[in-house]
Amino acid sequence: MLFLFEIFVNNFLLNLDKPRTLSGFLSSTLLTNKLLKIHNNRWLTNAKKLLLITVSSAAFLVGCGKEPLLQQAQAPLVSAEKVELTSYHRNQSYVGRVSAVEDVSITAQISGYLKSRHFTEGDTVEKGQLLYQIESSSYQAQVASAKAAIAQANADVQKAMLDFERGKDLLPKGNISRSEYDALTSIKLGAEAQLEAAKAQLNVAEVNLSYTRIEAPVSGRISESYVSTGDLVSPSTGTLTNIVSLDPIHASFTVSERDRLNMGMDDVEGRGEGATDKVEVHVILENDKTYNHSGYIDFIDNRIDVTTGTLAMRASFANPNQILLPGQHVKVNIQEKKAIEVITIPRRAVQSDLQGDYVMVLSDGDIAERHNVKLGKQTESGIIIVEGLSTSDRVITKGLQRVRNGIEVRMENASQAEKSTEEES
């Protein structure tokens with residue numbers, strides 16, 4: 001009997017270095033029980049009694065700790081961080097399209113054969129620069145004819161004036177009748193009218209002659225030429241070429257009514273006056289690089305589009321290097337100049353389920369509590385929390401896989417944190 005008890009005690013002591021769980025202890029008990037069955041059945045009853053006493057004593061020893069070992073093993077090991085209060089400039093990006101301040105289509109105002117072209121396609125032209133020359137000989141002849149008609153009209157006016165003055169002297173003497181005097185007056189007035197008509201014809205001829213020189217109405221970059229030297233051009237020919245001004249340049253976009261109100265743009269005038277003090281405008285190119293010149297709002301439409309619920313806006317940018325071109329798609333970023341304080345946390349602390357986004361907050365007593373949150377934008381310091389957290393909260397950032405709402409957790413100390421960080425790296 002003493003031999004069997006010694007076997008059981010030795011087996012129990014060998015298992016003390018193993019986790020002190022109920023399953024481990026029962027394994028040792030089962031092993032001892034098998035040994036008991038090997039020996040004579042007459043000792044079985046007394047051995048079982050001794051085994052029952054031993055099990056009761058061991059169970060008492062296991063339960064004498066400061067806290068239950070099973071409960072301690074189930075408490076997840078986590079780490080937490082305090083929420084961070086950060087200064088943030090609210091901003092919003094919109095899809096925009098670049099447009100020229102001046103976009104001019106060049107057309108012919110008269111009919112004629114194209115004599116010459118005086119520009120290089122794609123080059124920059126200055127206002128007043130000669131672009132095309134239309135054959136002008138016929139229009140010069142019209143000017144000469146109009147001048148001759150003026151000379152003839154002047155002669156008629158001079159003769160009519162002399163006749164009128166003579167009639168004016170003869171009428172009091174009774175040498176001419178009143179009807180003859182009225183006829184002289186009518187002839188004088190008609191000659192003067194003919195003179196004015198001849199002058200008008202001269203103006204028309206001179207304007208038509210000037211149209212034979214097609215000049216640049218604005219400064220900018222010129223496109224290709226759609227006609228060639230020797231072509232017969234007229235107003236019905238359509239566009240000969242076009243010119244766009246590139247510095248400054250516009251970017252048009254639309255914003256929602258909510259964004260307009262949130263950024264305080266509701267009291268800004270239609271020409272953009274007042275917006276410069278509130279927001280600054282940046283352009284993000286297709287390669288995700290920010291254009292190096294900031295702009296300003298110079299136009300806000302007078303009504304909201306009822307089909308889209310958006311308001312048209314336009315910003316102006318300096319474009320000295322002609323990086324921005326008309327028709328180019330860009331992102332227009334509007335950023336408030338006045339910073340606000342926002343709560344940020346690491347992105348890894350945020351979880352999602354069917355109820356939405358949430359974080360686990362460490363409350364008193366190291367109890368994990370679920371807080372539903374509303375997310376903002378991602379910043380360099382973390383994700384912005386719009387709703388759901390206060391500045392005094394601590395959020396769990398590591399060990400979230402084993403954390404459930406309302407359970408107690410264990411905080412990871414500094415040495416454990418360094419070790420887990422090394423293992424993750």
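What you see is a predicted model; the values in this text were computed from it and never measured. Numbers here are sequence positions counted from 1.
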Contacts under 3.5 angstrom, residues 287-294 side chains, donor-acceptor by atom type, not counting sequence neighbours:
| from | atom 1 | to | atom 2 | distance (Å) |
| --- | --- | --- | --- | --- |
| Asn287 | OD1 | Lys289 | N | 3.1 |
| Tyr291 | OH | Ala318 | O | 2.6 |
| Tyr291 | OH | Asn319 | OD1 | 3.2 |

Sidechain-backbone polar pair: [X] side chain, [Y] backbone, donor-acceptor under 3.5 Å:
X: Gln133; Y: Thr212; result: yes
X: Lys82; Y: Thr391; result: yes
X: Asn91; Y: His89; result: yes

salt_bridge([X], [Y]) N-O dist < 4.0 Å:
X: Lys338; Y: Glu336; result: no
X: Arg370; Y: Asp353; result: yes
X: Glu165; Y: Lys188; result: no
X: Asp163; Y: Arg166; result: yes

- Message: Walk me through whether Tyr94 and Asn333 qualify under side chain to side chain donor-acceptor pair (under 3.5 Å).
- Response: CA-CA 6 Å; Tyr94 306 94; Asn333 182 270; over 6 Å; no
- Task: Starting at OG of Ser145, measure out to CG of Leu202 and round the result to the nearest 0.5 Å.
- Result: 10.0 Å
- Item | Nearest-0.5 Å distance that lies between atom CD1 in Ile385 and atom CD1 in Ile383 | 6.5 Å
Assess, by modelled atom type and distance only, whether the side chains of [X] and [Y] contain a donor and an acceptor separated by less than 3.5 Å.
X: Asn242; Y: Ser105; answer: no
X: Thr310; Y: Ser256; answer: no
X: Ser137; Y: Glu135; answer: yes
X: Asp298; Y: His250; answer: yes
X: Arg90; Y: Gln335; answer: no

- Task: Check the pair Glu286 / Val330 against side-chain contact (heavy atoms from CB on, under 4.5 Å), numbers first and verdict last.
- Result: CA-CA 6 Å; Glu286 286 294 324; Val330 295; over 6 Å; no
Tell me which donor-acceptor pairs under 3.5 Å the side chains of residues 194-201 have, and how far apart each pair is, sequence neighbours excluded?
none

- Lys377 atom NZ: more than 12 heavy-atom contacts under 6.0 Å: yes
- Message: Holding to side-chain contact (heavy atoms from CB on, under 4.5 Å), I want the full list of residues that pass it with Thr307, two or more places apart in sequence or in another chain.
- Response: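 Result, side-chain contact (heavy atoms from CB on, under 4.5 Å) vs Thr307: Asp305.
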- Using side-chain contact (heavy atoms from CB on, under 4.5 Å) as the criterion, list what pairs up with Ser179, not counting sequence neighbours. Ser177
- Task: Begin with the C-alpha distance, continue with both residues' side-chain angles, and end with the deciding distance and a verdict on side chain to side chain donor-acceptor pair (under 3.5 Å) for Glu341 and Ser87.
- Result: CA-CA 5 Å; Glu341 297 293 325; Ser87 294; 2.9 Å; yes
- Message: Set out, in order, the CA-CA distance, both residues' side-chain angles and the distance that settles side chain to side chain donor-acceptor pair (under 3.5 Å) for Asn154 and Gln158, then state yes or no.
- Response: CA-CA 6 Å; Asn154 276 324; Gln158 291 295 327; over 6 Å; no
- Decide yes or no on side-chain contact (heavy atoms from CB on, under 4.5 Å) for Asp231 and Tyr113, but give the supporting numbers first. CA-CA 6 Å; Asp231 288 346; Tyr113 288 99; over 6 Å; no
Atom pairs and distances, donor-acceptor, side-chain atoms in residues 116-126, under 3.5 Å, two or more places apart:
| from | atom 1 | to | atom 2 | distance (Å) |
| --- | --- | --- | --- | --- |
| Ser116 | OG | His118 | NE2 | 2.7 |
| Arg117 | NE | Phe119 | O | 3.4 |
| Glu121 | OE2 | Ser225 | N | 2.6 |
| Glu126 | OE1 | Ser219 | OG | 3.3 |

- Item | All side-chain hydrogen bond (donor to acceptor under 3.5 Å, both in side chains) counterparts of Ser245, not counting sequence neighbours | none
